[in-house]
> 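My structure is below; once you've seen it, I'll send some questions.
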Protein chains: 2
Amino acid sequence: MNSPLDTARASAYDEHRADDDGETTGPMTRAERREAQTARILDAAKKCFVRSGFQGASMHEICKEAEMSPGALYRYFPSKEAIIEAIAEADRRQDADLLAEALANPDIVEGIVQAMMTHMRVSHENNMAPLFTEIRAEALRNPSVLETCECSMSQVHELIFRRIRAAIDAGQIRPAVSVETLMAVMISIGEGIILNDLPAKGVNLAEVEHMVRASVTANLCPVAN
Amino acid sequence: MNSPLDTARASAYDEHRADDDGETTGPMTRAERREAQTARILDAAKKCFVRSGFQGASMHEICKEAEMSPGALYRYFPSKEAIIEAIAEADRRQDADLLAEALANPDIVEGIVQAMMTHMRVSHENNMAPLFTEIRAEALRNPSVLETCECSMSQVHELIFRRIRAAIDAGQIRPAVSVETLMAVMISIGEGIILNDLPAKGVNLAEVEHMVRASVTANLCPVAN
DNA sequence: ACAATGAGTGCGAACGTTCGTTCTCGCTAA
DNA sequence: TTAGCGAGAACGAACGTTCGCACTCATTGT
């Protein structure tokens with residue numbers, strides 16, 4: 001009937017190059033711009049997902065937050081699902097890296113304590129707890145998000161597992177239960193602490209650390225030196 | 001233009017009275033039938049919400065699961081929101097009752113251990129873990145669900161708080177941290193264990209109980225008798 | 001040096017679908 | 001007789017996504 005272009009058009013191709021911070025921005029290459037726009041979308045989507053949930057946030061909402069039209073956004077991600085996957089994967093990878101780093105501590109008890117405490121602190125500072133909650137819920141019914149979680153976590157799982165086995169063989173600790181149970185429960189404890197975002201509730205973090213250390217110590221049963 | 005009823009209609013008013021189990025069902029009063037239908041809807045909705053999430057499940061999906069038309073369903077609940085609230089409230093109330101019962105144990109350490117273990121077992125048996133995950137996520141952005149959670153949990157909170165204070169005053173336990181931190185961390189641990197649905201992962205529950213007891217004991221520091 | 005090119009990018013109306021909800025009417029039970 | 005219940009088509013709104021076109025800019029041929 002009528003052409004899709006019979007209305008006046010705004011002057012197009014507005015630049016969005018980092019006008020948020022005062023950074024002086026030189027010219028951008030194609031690739032740089034593409035990367036920046038992708039990050040812009042992920043940033044906006046994260047905000048929307050935290051605010052409204054994966055299912056509750058609409059593409060229009062994300063577009064508005066990213067100050068971008070749907071047509072533009074779809075140049076970067078083929079679907080809403082793809083954005084969800086990208087965000088879930090980035091979050092899980094960041095978590096995994098964080099845990100791996102903390103667990104590098106040669107003292108296994110301190111490694112686990114630091115992993116939990118650092119994870120908790122970083123999650124709070126970056127406002128990740130709501131996103132983590134959302135990802136957990138989504139993983140229950142979205143196979144690709146589930147796989148992302150299992151994949152990134154299996155590395156950490158494997159890491160802790162070997163560390164514990166080595167410590168047992170070296171006679172440093174003598175847990176009363178199987179390594180499988182030890183890991184399952186300690187991971188559950190860690191996740192519970194992260195999800196509850198204790199720093200946001202004004203809980204004394206030094207005391208939390210004391211409790212975490214007491215729990216880990218009680219379950220790993222380090223032998224007296 | 002045309003009347004909404006110019007097509008053939010199925011013979012209406014099918015009875016749904018408990019044809020699922022073999023129970024012989026006598027005549028039902030208006031009130032009984034109303035209650036049964038309400039329960040039928042909540043049951044179906046719960047299944048759908050577990051399967052698809054609060055936002056992902058559609059009213060049509062719930063209607064199909066309940067074998068009921070939208071028109072019929074809306075006689076019992078004014079909106080989808082109302083169904084979500086009803087389910088969240090029932091779930092939280094059941095949890096609160098369960099915890100209160102377990103905490104009645106005069107031995108405070110055993111009371112807390114039993115609260116966690118029983119809660120975990122019941123959640124698994126009734127397939128509540130996914131629903132709990134969903135409710136937690138929904139509470140992040142749905143004020144009425146949030147209020148439901150806080151209301152039902154504040155009773156349990158108060159209960160534990162008083163029990164711990166009394167035990168401290170009686171010299172039975174000597175925790176190293178404040179009661180507030182003690183509760184926040186122990187509740188986090190409990191929730192982490194529930195959410196992870198350890199029984200579904202084949203974890204040895206006796207060992208889990210051993211670990212939970214070790215953690216609680218280590219943090220409450222019961223004085224030697 | 002510069003016009004021509006064409007892939008890359010943004011816009012935003014519009015698409016078809018599905019959503020939560022309403023409506024009307026026939027049927028049932030009190 | 002009548003108030004309540006159930007069916008299911010239909011509603012407007014909102015959804016995720018697509019479309020056609022305008023515009024930009026790195027590359028290319030001259």
Side-chain angles (χ1 to χ4, degrees), chain A residues 1-17 26-38 40-41 44-45 48-49 52-64 66-85, chain B residues 1-17 26-38 40-41 44-45 48-49 52-85 142:
Chain A
M1 195 67 81
N2 52 356
S3 156
L5 270 189
D6 44 26
T7 62
R9 314 187 105 269
S11 65
Y13 210 66
D14 289 338
E15 293 280 341
H16 282 308
R17 47 177 72 163
M28 272 173 140
T29 68
R30 279 306 235 265
E32 279 170 346
R33 180 176 175 84
R34 184 156 191 92
E35 197 174 347
Q37 291 288 70
T38 302
R40 181 190 199 74
I41 292 169
C48 293
F49 290 149
S52 315
F54 284 138
Q55 319 242 24
S58 74
M59 290 302 267
H60 290 281
E61 184 184 343
I62 296 171
C63 290
K64 199 176 149 193
E67 300 174 66
M68 194 177 285
S69 69
L73 191 147
Y74 272 86
R75 297 267 183 214
Y76 297 89
F77 290 94
S79 66
K80 184 182 181 181
E81 173 77 12
I83 299 180
I84 293 176
E85 285 174 30
Chain B
M1 195 67 83
N2 52 356
S3 156
L5 270 190
D6 44 26
T7 61
R9 314 186 106 268
S11 65
Y13 212 65
D14 289 339
E15 292 281 341
H16 282 309
R17 48 178 71 166
M28 273 173 138
T29 69
R30 274 313 231 261
E32 280 171 345
R33 179 177 175 82
R34 185 158 188 92
E35 197 174 347
Q37 292 287 71
T38 302
R40 180 190 199 73
I41 292 169
C48 294
F49 289 150
S52 315
F54 284 138
Q55 318 240 27
S58 74
M59 291 300 267
H60 290 283
E61 184 184 342
I62 296 172
C63 288
K64 198 176 150 193
E65 182 74 42
E67 300 174 65
M68 195 178 284
S69 67
L73 191 148
Y74 272 85
R75 298 262 182 214
Y76 297 90
F77 291 93
S79 66
K80 184 182 182 181
E81 173 78 11
I83 299 179
I84 293 176
E85 284 174 30
N142 184 327

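Chain naming here is simple, since letters A, B, ... match the order of the sequence lines and numbering starts at 1 in each.
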> Expressed as a whole number of angstroms, how long is the span from A/Glu61:CD to D/dA14:C1'?
12 Å

> At 4.0 Å (heavy atoms only), tell me whether B/Ala82 reaches a base, stays on the sugar-phosphate, or touches nothing.
nothing

> Take atom CE of B/Met59 and atom P of C/dC19, then tell me their distance rounded to the nearest Å.
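Roughly 12 Å, once rounded to whole Å.
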
> At 4.0 Å (heavy atoms only), tell me whether B/Phe77 reaches a base, stays on the sugar-phosphate, or touches nothing.
nothing

> If every non-hydrogen atom of B/Ile41 is compared with every non-hydrogen atom of B/Ala66, which pair is closest and at what distance?
CA-CB, 4.5 Å

> CD of A/Glu67 versus P of C/dT9: gap in Å, rounded?
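For the pair A/Glu67 CD and C/dT9 P, the rounded distance is 19 Å.
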
> Counting just side-chain N and O atoms, does B/Tyr74 come under 4.0 Å of either OP1 or OP2 of D/dA7?
no

> Under 4.0 Å between a side-chain N or O of A/Ser69 and OP1 or OP2 of C/dG12?
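No.
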
> Take atom CZ of B/Arg34 and atom P of D/dC5, then tell me their distance rounded to the nearest Å.
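Result: 5 Å.
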
> For the pair made of CD in A/Gln37 and P in C/dT9, what is the distance, rounded to whole Å?
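Distance check: A/Gln37 CD to C/dT9 P gives 9 Å.
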
> Taking the side chain of A/Ser58 as its heavy atoms from C-beta onward, which of D/dG16, C/dC11, D/dT17 lies nearest to it?
D/dG16

> Measure from the side-chain heavy atoms of B/Ala72 and tell me the nearest of C/dA30, D/dA7, C/dG10.
D/dA7

> Hey, does A/Ala31 reach any base, or is it just sugar-phosphate, or nothing, if we go heavy atoms under 4.0 Å?
nothing

> Please walk me through it: do A/Phe54 and B/Gln55 pass side-chain contact (heavy atoms from CB on, under 4.5 Å)?
CA-CA 9 Å; A/Phe54 284 138; B/Gln55 318 240 27; over 6 Å; no

> Begin with the C-alpha distance, continue with both residues' side-chain angles, and end with the deciding distance and a verdict on side-chain contact (heavy atoms from CB on, under 4.5 Å) for B/Phe49 and B/Ile62.
CA-CA 9 Å; B/Phe49 289 150; B/Ile62 296 172; 3.9 Å; yes

> Measure the distance from CG on B/Leu73 to P on D/dG8 and round it to the nearest whole Å.
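Distance, rounded to whole Å: 14 Å.
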
> Is the closest side-chain donor-acceptor distance between B/Asn142 and B/Glu85 under 3.5 Å?
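No, no side-chain donor-acceptor pair sits under 3.5 Å.
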
> What's the NZ-C1' distance between A/Lys64 and D/dA14, to the nearest Å?
14 Å

> If you assign B/Tyr76 and A/Gln55 each to the DNA chain D nucleotide with the nearest heavy atom, which residue ends up on the more 5' nucleotide?
B/Tyr76

> Calculate the interatomic distance between A/Arg75 atom CZ and D/dT18 atom P; express it in whole Å.
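Between P of D/dT18 and CZ of A/Arg75: 12 Å.
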
> Tell me, with the steps shown, if B/Gln37 and B/Arg33 meet side-chain contact (heavy atoms from CB on, under 4.5 Å).
CA-CA 6 Å; B/Gln37 292 287 71; B/Arg33 179 177 175 82; 3.5 Å; yes

> Among the candidates C/dA7, C/dT21, D/dG16, find the nucleotide nearest to the side-chain atoms of A/Arg30.
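Within the option list, the nearest is C/dA7.
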
